[in-house]
Each structure stands twice: as C-alpha cells, then as structure tokens.
Enquirer: 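Take a look at the following structure, please.
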Amino acid sequence: MIAFVSGPVAALAPDSAVVEVGGIGIAVQCTPNTLSGLRLGQQTKLATSLVVREDSLTLYGFVDDDERQVFELLQTASGVGPRLAQSMLAVHSPDALRRAVATGDEKALIAVPGIGKKGAQKLLLELKDRLGEPVGAPAAAAPAASGWRDQLHAALVGLGYATREAEEAVAAVAPQAEAAGGTPQVGALLKAALQTLNRAR
C-alpha cells in the first residue's frame, strides 16, 4: 500500500500529475481541485490510494488523508468504482458529500456526471452509515470575488497553458463563476476552463 507520495512535481496534465520520488516519476490520478494546488517543480505531498486491477495498477492522489478515506469509502457502495468516486470528489468536498448523504440530498449527487436519480437514491441508502457526519465547519466563503480569477489563472499556467490561453479561459468561465455568487468553487471552474481550452485546440 502506497500511503503517500512526496517530491517535486515533474509534470501536470488535465487529470493527473507526475511526482518525482527518488528519481522515479510516479503518475497520480487527481481531481481538478487537487491539481489546482500543484505547480511544476515545486515540492508536494499527496495522500494516495492504489487501485489494483488484473491489467493495471493506478495510483489516485488527494490533498489529504480525509479525502483519500472518503474516496475509499465511496467504493464500498455497489456500482461505485475509482473513476466515479473521483468524479464525486471532483464535484464535492468530503464534507459536502457527508452533508449530502446525511440530509438525503439527491440533487447534490445527481450533479455528479454518471449519477442519475435512481443511482443517487441507491447511494444515499448504501452510504448513510458509512461516511459519518461532516467533520469541519460549513464551507467558509471563498476569498474576495477576484480571488478565484488569480487561483484559476495560476492553475492553468501551472498546467502548461500560455498566459493568453489562461486569460481567455478565465474570461470564458466568468459567467459561471458569477452565477455561483460570491463563493465559486475553483475546482469546478478549472474543469470548465479545461473543457473550453480543449474545444479551442
């Protein structure tokens, strides 16, 4: 079991990072939110979960142990594999998922690509006693309204996009950020920005 990887970030892609550990590049699958905090050449430490299949070994990386634990607990529900569990964490923080399950919030789960109404109902039943109660305070307000622009721009440049491309992508998702009010989620905006950049190429 590889519990974490620590070292400089050697490469970044839209859904993964390569961390250099003892001269070896370890590829780690990450959510947009996790990737947004990484910078090429800078030291990082990611909690990890190794998923073993007959034909592959895939390492998933997380900001902290709590996120990794929720990733692993989500997969105890029938029909939830690592990809869907990662998608759930790309859309919601661990505490947001705990709140959704604790309050029976179907809409929160349906917001995850790949989960329909019936799937959401089934997940709410199966996960009810597994995820536990939210551990943190309700999500604090994000930094000042312009803060998300700087964070998103830095994340895109860190992924290797040119400054002009990053600026255009930030402008493209601005209406989505404004619709979210004063607390847009940078992880969700990064996902949307990457989609606009992929379409433009």
Side-chain angles (χ1 to χ4, degrees), residues 5 8-19 25-48 58-64 66-68 70-71 74 82-97 100 107-115 138-201:
V5 294
V9 178
L12 289 167
D15 61 355
S16 64
V18 175
V19 179
I26 307 286
V28 188
Q29 298 291 311
C30 303
T31 63
N33 200 40
T34 300
L35 289 168
S36 70
L38 304 181
R39 298 289 176 272
L40 279 172
Q42 289 189 8
Q43 287 285 130
T44 189
K45 182 177 179 181
L46 296 174
T48 56
T58 309
L59 200 60
Y60 290 83
F62 308 94
V63 171
D64 55 30
D66 183 40
E67 195 171 66
R68 176 186 60 199
V70 170
F71 171 79
L74 290 172
R83 286 286 182 190
L84 184 55
Q86 192 181 42
S87 292
M88 292 169 79
L89 285 164
V91 176
H92 299 295
S93 68
D95 260 4
L97 283 171
K107 285 184 179 176
L109 294 186
I110 292 170
V112 177
I115 298 180
S146 64
W148 68 265
R149 290 176 183 272
D150 296 334
Q151 288 180 344
L152 182 57
H153 189 275
L156 291 167
V157 171
L159 286 170
Y161 288 98
T163 301
R164 189 176 62 79
E165 286 181 306
E167 286 167 0
E168 288 172 359
V170 169
V173 300
Q176 180 182 331
E178 282 154 16
T183 58
Q185 281 195 322
V186 175
L189 293 176
L190 178 59
K191 203 171 183 180
L194 288 170
Q195 286 169 350
T196 66
L197 285 162
N198 289 338
R199 279 198 296 269
R201 287 188 162 183

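All residue numbers in this chain count up from 1 along the given sequence. Bear in mind that the values here come from a model prediction, so they are computed numbers and not experimental data.
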Enquirer: For a quick test of reading the model, state the closest non-hydrogen atom pair linking Leu12 to Ala17 and the distance between them.
Expert: CD2-CB, 3.8 Å
Enquirer: Please lay out, stage by stage, how Leu59 and Gln29 fare under the test side-chain contact (heavy atoms from CB on, under 4.5 Å).
Expert: CA-CA 6 Å; Leu59 200 60; Gln29 298 291 311; over 6 Å; no
Enquirer: Which is it for Val112 and His92 under the side-chain contact (heavy atoms from CB on, under 4.5 Å) test, yes or no, and what are the steps along the way?
Expert: CA-CA 8 Å; Val112 177; His92 299 295; 4.0 Å; yes
Enquirer: Any idea which heavy atoms bring Ala172 and Thr196 closest together, and the distance?
Expert: CB-CG2, 4.3 Å
Enquirer: Below 4.5 Å, heavy atoms only, C-beta onward: do Glu67 and Thr34 meet side chain to side chain?
Expert: yes
Enquirer: Considering only heavy atoms from C-beta outward, does the side chain of Val9 approach that of Arg39 to under 4.5 Å?
Expert: no
Enquirer: Using side-chain contact (heavy atoms from CB on, under 4.5 Å), reason through Asn33 and Leu190 one step at a time and then give a plain yes or no.
Expert: CA-CA 8 Å; Asn33 200 40; Leu190 178 59; over 6 Å; no
Enquirer: Can you give me the closest heavy-atom contact between Leu89 and Phe62, atom names plus distance?
Expert: CD1-CE2, 4.2 Å
Enquirer: Between Met88 and Leu109, is there a side-chain heavy-atom distance shorter than 4.5 Å?
Expert: yes
Enquirer: Kindly indicate whether the side chain of Cys30, heavy atoms from C-beta on, has any atom under 4.5 Å from the side chain of Leu46.
Expert: yes
Enquirer: Looking at every non-hydrogen atom in both residues, tell me the closest pair between Thr48 and Gly61 and how far apart they are.
Expert: CG2-CA, 4.2 Å
Enquirer: Between Pro82 and Phe71, is there a side-chain heavy-atom distance shorter than 4.5 Å?
Expert: yes
Enquirer: Minimum heavy-atom separation for Ala193 and Val173, please, with both atom names.
Expert: N-CG1, 3.6 Å
Enquirer: To the nearest 0.5 Å, tell me how far Leu35 CG sits from Ser16 OG.
Expert: 7.0 Å
Enquirer: Can you name the closest pair of heavy atoms from Pro32 and Ala90 and give their distance?
Expert: CD-CB, 3.9 Å
Enquirer: Answer whether the closest heavy-atom distance between the side chains of Ile26 and Val18 falls below 4.5 Å.
Expert: no
Enquirer: Any heavy-atom pair between the side chains of Asp95 and Leu97 that's under 4.5 Å?
Expert: no
Enquirer: Are the side chains of Val91 and Pro113 in touch, meaning some heavy atoms are under 4.5 Å apart?
Expert: yes
Enquirer: Give a yes or no answer on whether the side chain of Glu165 reaches the backbone of Ala162 with a donor-acceptor pair at less than 3.5 Å.
Expert: yes
